[in-house]
K.L.:
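Quick one: the structure is below, questions incoming.
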Amino acid sequence: METSTQSPPRASELLDAVGPAFSRLRRTQALNVEKQVSRKDMTRTLVLNIVQDGPEHEGQEITVGVVGERLAVDPSVASRMVSDCITAGYLVRAASQRDGRRTILQLTPDGHEMLDRFRSHQRSAFERITRDWPDEERLEFARLLIKYVDSIGELQQEAAESA
């Protein structure tokens with residue numbers, strides 16, 4: 001049996017490795033573990049999740065502009081993405097209750113169904129990727145990942161309020 005003479009990574013090395021790990025995660029499309037998800041469906045779920053997440057602050061409504069802001073894409077790109085979701089039957093445009101001249105986005109029953117299927121796929125992928133992990137590590141990683149993403153949202157909210 002061979003023993004490792006390498007010492008565990010120092011804290012700074014571990015923290016420096018986080019960014020490249022996120023890049024590899026993005027490139028590998030880790031969610032496509034068992035069954036391929038089309039690029040179009042991946043894009044659609046990004047839009048549908050934004051609509052389902054709803055407003056980030058009082059008075060905000062979910063519009064094409066909000067989708068573009070949250071995805072950090074050009075308004076024309078956001079418009080095409082939303083139009084694709086509407087054509088697929090996942091979203092509808094509706095009149096704003098605050099300003100009848102504004103158009104807001106709402107999920108259709110098919111849109112809710114699509115998100116349910118995708119979330120089921122995501123959970124299956126997570127379970128498959130972490131299948132050899134002890135349950136405690138698997139649950140702790142899930143908890144910390146959610147905490148990380150929530151913290152990003154809080155920082156973005158703070159930045160928006162101070163702008």
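Note that these values count all heavy atoms, side chains included, but never hydrogens, waters or copies made by symmetry. Throughout, numbering of the chain's residues begins at 1 and tracks the sequence.
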K.L.:
Mind listing the closest non-hydrogen atom pair of Tyr90 and Leu48 along with its distance?
P.N.:
CB-CD2, 3.7 Å
K.L.:
Is the CZ atom of Arg123 crowded by more than 12 outside heavy atoms at less than 6.0 Å?
P.N.:
no
K.L.:
Are side-chain heavy atoms of Thr43 and Asp84 found at a separation under 4.5 Å?
P.N.:
no
K.L.:
Kindly work out whether a path of hydrophobic side-chain contacts (I/L/V/M/F/W/Y, heavy atoms less than 4.5 Å apart) joins Ile104 to Ile50.
P.N.:
no
K.L.:
Are Val67 and Met42 grouped together when hydrophobic residues (ILVMFWY) are joined by side-chain heavy atoms under 4.5 angstrom apart?
P.N.:
no
K.L.:
In this structure, would Val47 and Val73 fall into the same cluster of hydrophobic residues linked by side-chain contacts under 4.5 Å?
P.N.:
yes
K.L.:
Flag yes if more than 12 heavy atoms outside Gln97 fall under 6.0 Å of its CD atom; otherwise flag no.
P.N.:
no
K.L.:
Determine whether the side chains of Asp74 and Ser76 contain a donor N or O and an acceptor N or O closer than 3.5 Å.
P.N.:
yes
K.L.:
Are Phe126 and Leu145 linked, directly or through intermediate hydrophobic residues, by side-chain heavy-atom contacts shorter than 4.5 Å (ILVMFWY only)?
P.N.:
yes
K.L.:
Is it true that a side-chain atom of Ser83 and a backbone atom of Ser79 form a donor plus acceptor pair closer than 3.5 Å?
P.N.:
yes
K.L.:
Would you check, one step at a time, whether the test side-chain contact (heavy atoms from CB on, under 4.5 Å) holds for Ile129 with Arg138?
P.N.:
CA-CA 10 Å; Ile129 292 165; Arg138 178 188 250 187; over 6 Å; no
K.L.:
Supply the atom-to-atom distance Thr45 OG1 to Phe118 CZ, rounded to the nearest 0.5 angstrom.
P.N.:
4.0 Å
K.L.:
Considering only NZ, NE, NH1 and NH2 on the basic side and carboxylate oxygens on the acidic side, decide whether Arg44 and Asp41 come within less than 4.0 Å.
P.N.:
yes
K.L.:
Out of curiosity, Arg93 CZ to Ile86 CD1, how far, rounded to the nearest 0.5 Å?
P.N.:
3.5 Å
K.L.:
Between Glu13 and Arg10 (side chain of the first, backbone of the second, donor and acceptor by atom type, cut-off under 3.5 Å), is there such a pair?
P.N.:
yes
K.L.:
Looking at side-chain heavy atoms only, is the closest gap between Thr108 and Leu91 below 4.5 Å?
P.N.:
no
K.L.:
Using atom types as modelled and distance alone, determine if a side-chain donor or acceptor of Glu137 lies under 3.5 Å from a backbone N or O of Trp133.
P.N.:
no
K.L.:
Report yes or no: do Val77 and Val64 belong to one cluster of Ile/Leu/Val/Met/Phe/Trp/Tyr joined by side chain heavy-atom distances under 4.5 Å?
P.N.:
yes
K.L.:
Supply the atom-to-atom distance Ser124 OG to His121 NE2, rounded to the nearest 0.5 angstrom.
P.N.:
7.5 Å
K.L.:
Rounded to the nearest 0.5 Å, what separation is found between the CZ atom of Arg70 and the CD1 atom of Ile62?
P.N.:
4.0 Å
K.L.:
So how far is it from Gln52 CD to Met114 CE, rounded to the nearest 0.5 Å?
P.N.:
12.5 Å
K.L.:
Is the closest side-chain heavy-atom distance between Val18 and Phe22 below 4.5 Å?
P.N.:
yes
K.L.:
Working to the nearest 0.5 angstrom, can you tell me the gap between Arg101 CZ and Thr103 OG1?
P.N.:
11.5 Å
